[in-house]
Amino acid sequence: MLDPKLLRESPELIRAAIAKKHINVDLDAVQQLDERWRSLLTHVESLRARQKAVNGDMAQLPKGTPEFFAKVAEMKTLKVEVKEQEGALKEIETAWQDAMLSLPNLPHESVPEGKTGDDNVVAETHGDVKDVSPHATPHWEIKNFDKLFDFARGSKVTGAGFPYYIGDGAKLVRSLIYFFLDEAGQAGYTEVSPPIFVNAASAIATGQLPDKEGQMYETVGDQLYAVPTAEVPLTNFYRDEILPEADLPVQRCAYTPCFRREAGSYGKDVRGLNRLHQFDKVELLKWVHPSQSYTELENLRGDAERLLQKLGLPYRVLLMCGGDLGFAQAKKYDLEVWSAGQERWLEVSSCSNFEGYQARRAKIRFRNSDGKPQLVHTLNGSGLAVPRVVAALLENNLQEDGSVKLPAALVPYFGRDTVSFS
RNA sequence: GGAGAGAUGGCAGAGUGGUCGAAUGCGUCUGACUCGAAAUCAGAUUUACCGGCAACGGUAACGGGGGUUCGAAUCCCUCUCUCUCCGCCA
């Protein structure tokens with residue numbers, strides 16, 4: 001959520017943000033709603049002030065006197081009026097809140113103009129896409145692929161997009177998770193193992209609800225949601241809290257399985273490991289002082305990039321344009337790994353600075369040097385999403401005999417340097 | 001799953017219908033005393049929203065929601081959570 005003061009003092013900034021993000025919002029209507037809400041609020045509060053004053057008088061009057069009953073009569077009149085006006089206020093307040101939530105975060109000035117993914121700027125390309133295996137094949141076409149990644153049985157037991165990982169497949173996944181967590185730990189992120197179900201209040205705070213309700217799996221009877229990313233339980237850790245300034249920046253990482261319904265996906269995007277309903281991911285998260293958030297965004301991106309570098313995978317960094325930037329993000333980088341068999345880039349990380357947008361919604365603050373609560377800036381990024389990294393490793397490193405050579409960084413975790421499909 | 005107890009400010013803990021945003025203690029901060037410190041004394045010390053350049057003023061919040069009442073931290077209903085005991089269990 002944006003600062004309501006911004007709407008009153010600098011609506012032109014919001015107007016510019018809406019244009020840059022190519023979002024449809026009737027800002028004039030929001031402004032009108034804000035005006036109406038404030039005037040009604042003032043009215044209701046003055047009525048309540050009157051109630052309190054009369055009540056104070058009554059406390060000093062002897063009960064049963066005519067003066068006392070006169071006050072009772074006045075209070076009864078006030079009560080009716082307050083109730084009526086409060087009802088109206090509540091109604092407009094709900095509308096006001098919805099309207100405020102419909103305003104996107106302001107994109108940072110360094111975010112390029114643009115409407116779609118085609119307008120994203122390639123900030124950097126690392127590694128040579130030609131420098132991969134000459135035997136590269138889409139991973140699902142690798143001989144005996146289904147011995148390590150069993151989609152058919154996953155479909156039988158659960159549904160499409162819930163594969164079994166078997167033998168070297170399972171071991172590779174585990175190795176990557178361990179590798180990612182260890183690297184994050186060395187980069188200064190404290191490891192957390194969070195709940196993988198969250199309640200509605202948490203999902204609302206990080207923006208999954210109410211808009212993207214259909215994206216999450218929901219439990220029957222308990223109103224809990226399977227996390228679509230560790231960002232949700234991680235960010236909500238400090239919800240409604242005020243941190244000591246000295247604690248900033250707080251850096252945490254977490255491995256969780258992630259659950260996404262992703263209704264409506266189809267085609268090559270969902271082949272093999274490209275897109276799953278359940279996948280493993282290590283998430284990196286920072287709560288930082290507002291003055292540091294853009295420095296920290298670069299650090300975060302660097303932490304995610306280093307993983308790909310150590311795995312020897314060619315990748316590129318996209319700076320998202322206004323139109324492709326998420327609703328809540330001020331600036332975002334996507335890391336895409338080269339998938340040599342499919343000859344395409346696969347997104348394996350998304351590193352974002354939310355500035356105070358998420359913190360306002362989740363009420364995460366710190367006490368500044370003046371002793372006043374101030375919103376922290378939140379950042380998060382994947383470090384990394386496992387299945388697509390697996391896909392890239394399998395495709396880029398496929399050897400003539402059908403086995404896959406692993407990068408040196410993984411060997412201590414995997415125990416061998418080759419993934420065997422036989 | 002069964003039985004009981006409870007939820008108040010940073011913490012502890014009073015308050016069972018009216019001037020209570022809330023005693024007191026601890027903690028923290030400021031000042032005095034001191035060469036300095038401790039001790040002592042004095043004062044300050046929640047958050048959100050609205051109005052205001054500001055000083056400041058107003059409103060709300062005693063776990064959440066609803067109700068009774070002229071008036072609710074206090075009474076009633078309901079939900080959530082915590083604790084104790086019993087049962088069950090990786």
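Note that the structure is predicted; figures quoted are calculated from it, not measured. Reminder, nothing fancy here: chain letters follow the sequence lines and each chain counts from 1.
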Qualifying residues under side-chain hydrogen bond (donor to acceptor under 3.5 Å, both in side chains), relative to Asp240(A), sequence neighbours excluded: none
Go through the steps to decide whether Lys281(A) and Thr256(A) satisfy the test side-chain hydrogen bond (donor to acceptor under 3.5 Å, both in side chains), and finish with yes or no. CA-CA 6 Å; Lys281(A) 181 162 66 68; Thr256(A) 64; 6.0 Å; no
For nucleotides 43-47 of chain B, tabulate all protein N/O to nucleotide N/O atom pairs closer than 3.5 Å, reporting atom names and distance.
residue	atom	partner	partner atom	Å
U47(B)	OP1	Arg367(A)	NH1	2.7
U47(B)	OP1	Arg367(A)	NH2	3.4
U47(B)	O3'	Arg365(A)	NH1	3.1

Sequence neighbours left out, what pairs pass side-chain hydrogen bond (donor to acceptor under 3.5 Å, both in side chains) with at least one residue falling in residues 2-16 of chain A? Arg8(A)-Asp34(A), Arg15(A)-Asp28(A)
Starting at atom CD of Glu81(A), determine the distance to atom C1' of C70(B), rounded to an integer number of angstrom. 15 Å
With rounding to the closest Å, how many angstrom separate the C1' atoms on A61(B) and C53(B)? 29 Å
Over all strands shown, is Phe68(A) touching base, sugar-phosphate only, or nothing at heavy-atom distances under 4.0 angstrom? base
Can the ring centroids of Phe354(A) and His377(A) be said to lie less than 6.0 angstrom from one another? no
By the side-chain hydrogen bond (donor to acceptor under 3.5 Å, both in side chains) test, which pairs, at least two apart or in different chains, include something from residues 317-326 of chain A? Asn120(A)-Asp324(A)
Taking the basic N atoms (NZ, or NE/NH1/NH2) and the acidic carboxylate oxygens, is any pair closer than 4.0 Å for Glu241(A) and Lys363(A)? no
Pairs under 3.5 Å (N/O, protein and nucleotides 62-69 of chain B):
residue	atom	partner	partner atom	Å
G66(B)	OP1	Lys90(A)	NZ	3.0

Please convert RNA chain B into dot-bracket. A pair counts if it is Watson-Crick or G-U wobble with both distances under 3.5 Å; crossing pairs go in [ ] and bases paired with another strand get |. ((((((((.[[[..)..(.....]]]((((((.......))))))((((((....)))))).[[[[[..)....]]]]])))))))....
Between the base of G18(B) and the side chain of Lys71(A), is there any donor-acceptor pair under 3.5 Å? no
Taking the same atom, P, in A60(B) and in A72(B), what whole-Å distance lies between them? 10 Å
Please list all pairs passing the side-chain hydrogen bond (donor to acceptor under 3.5 Å, both in side chains) test where one or both residues lie in residues 163-180 of chain A, with sequence neighbours left out. Asp168(A)-Arg416(A)
With a non-hydrogen cut-off below 4.0 angstrom, is Arg8(A) in contact with a base, only sugar-phosphate, or nothing? sugar-phosphate
Nearest-Å distance, CG (Asp3(A)) to P (C50(B))? 9 Å
Quick one: ring pair (Phe, Tyr, Trp, His ring centres under 6.0 Å) partners of Phe151(A), sequence neighbours excluded? none
If you measure from the C1' atom in U8(B) to the same atom in G21(B), how many Å do you get, rounded? 11 Å
May I ask you to decide if Leu224(A)'s main-chain N or O and Thr219(A)'s side chain share a donor-acceptor pair within less than 3.5 Å? yes
Is Glu183(A) paired with Arg306(A) through a side-chain N to carboxylate O contact shorter than 4.0 Å? no
How close or far is atom P of G10(B) from atom CG of Leu243(A), stated in whole angstroms? 14 Å
Under 3.5 Å, side chain of Lys286(A) to main-chain N/O of Arg252(A), donor-acceptor pair present? no
B/S/- along nucleotides 75-83 of chain B (protein heavy atoms under 4.0 Å) is ---------
Atom CD of Glu74(A) to atom C1' of C70(B): distance rounded to whole Å? 10 Å
Look at the side chain of Ser293(A) and the backbone N and O of His289(A), then say whether any donor-acceptor pair between them is shorter than 3.5 Å. no
Determine, stepwise, if the pair Glu336(A) / Val348(A) fulfils side chain to side chain contact (heavy atoms under 4.5 Å, CB included). CA-CA 6 Å; Glu336(A) 295 186 332; Val348(A) 290; over 6 Å; no
Identify, residue by residue, the members of residues 98-106 of chain A with a heavy atom below 4.0 Å from RNA chain B, and return them in order of residue number, or none. none
Rounded P spacing from C79(B) to G4(B) in Å: 15 Å
Got a donor-acceptor contact below 3.5 angstrom from the Thr65(A) side chain to the Phe68(A) backbone? yes
Could you measure between the two P atoms, the one in C86(B) and the one in G13(B), and give it in whole Å? 25 Å
Would you check if the distance from the ring center of Phe259(A) to the ring center of His277(A) is below 6.0 Å? no
Work out how far the C1' atom of G18(B) is from that of A39(B), and round it to whole angstrom. 43 Å
Between C50(B) atom P and Trp96(A) atom CH2, what is the distance in whole Å? 7 Å
Lys63(A) or Asp34(A), whichever maps to the more 5' nucleotide of RNA chain B: Lys63(A)
Could you tell me whether a side-chain N or O of Asn55(A) sits under 3.5 Å from a main-chain N or O of Gln51(A), the two making a donor and an acceptor? no
Give me each pair satisfying side-chain hydrogen bond (donor to acceptor under 3.5 Å, both in side chains) with a member in residues 189-202 of chain A, each pair once, sequence neighbours excluded. Tyr189(A)-Asp303(A), Asn199(A)-Ser202(A), Ser202(A)-Arg239(A)
Would you measure the distance from the P atom in A48(B) across to the matching atom in A32(B) and give it in whole Å? 31 Å
Give the intermediate values and the outcome of salt bridge (charged side-chain N to carboxylate O under 4.0 Å, His left out) for residues Lys90(A) and Glu86(A). CA-CA 6 Å; Lys90(A) 201 164 187 174; Glu86(A) 270 181 346; over 6 Å; no
Within residues 36-57 of chain A, residues whose heavy atoms come under 4.0 Å of RNA chain B: Trp37(A), Arg38(A), Leu41(A), Thr42(A), Glu45(A), Arg48(A), Ala49(A), Lys52(A), Asn55(A)
How far, in whole Å, is A42(B) from U47(B) if one measures between their C1' atoms? 27 Å
Say whether, by atom type as modelled, one donor and one acceptor occur between the side chain of Gln251(A) and the main chain of Gly188(A) under 3.5 angstrom. yes
When Leu148(A), Leu394(A), Leu393(A) are each screened for side chain to side chain contact (heavy atoms under 4.5 Å, CB included) with His139(A), the one that passes is Leu394(A)
Rounded distance in Å - CG (Asp247(A)) to C1' (G10(B)): 14 Å
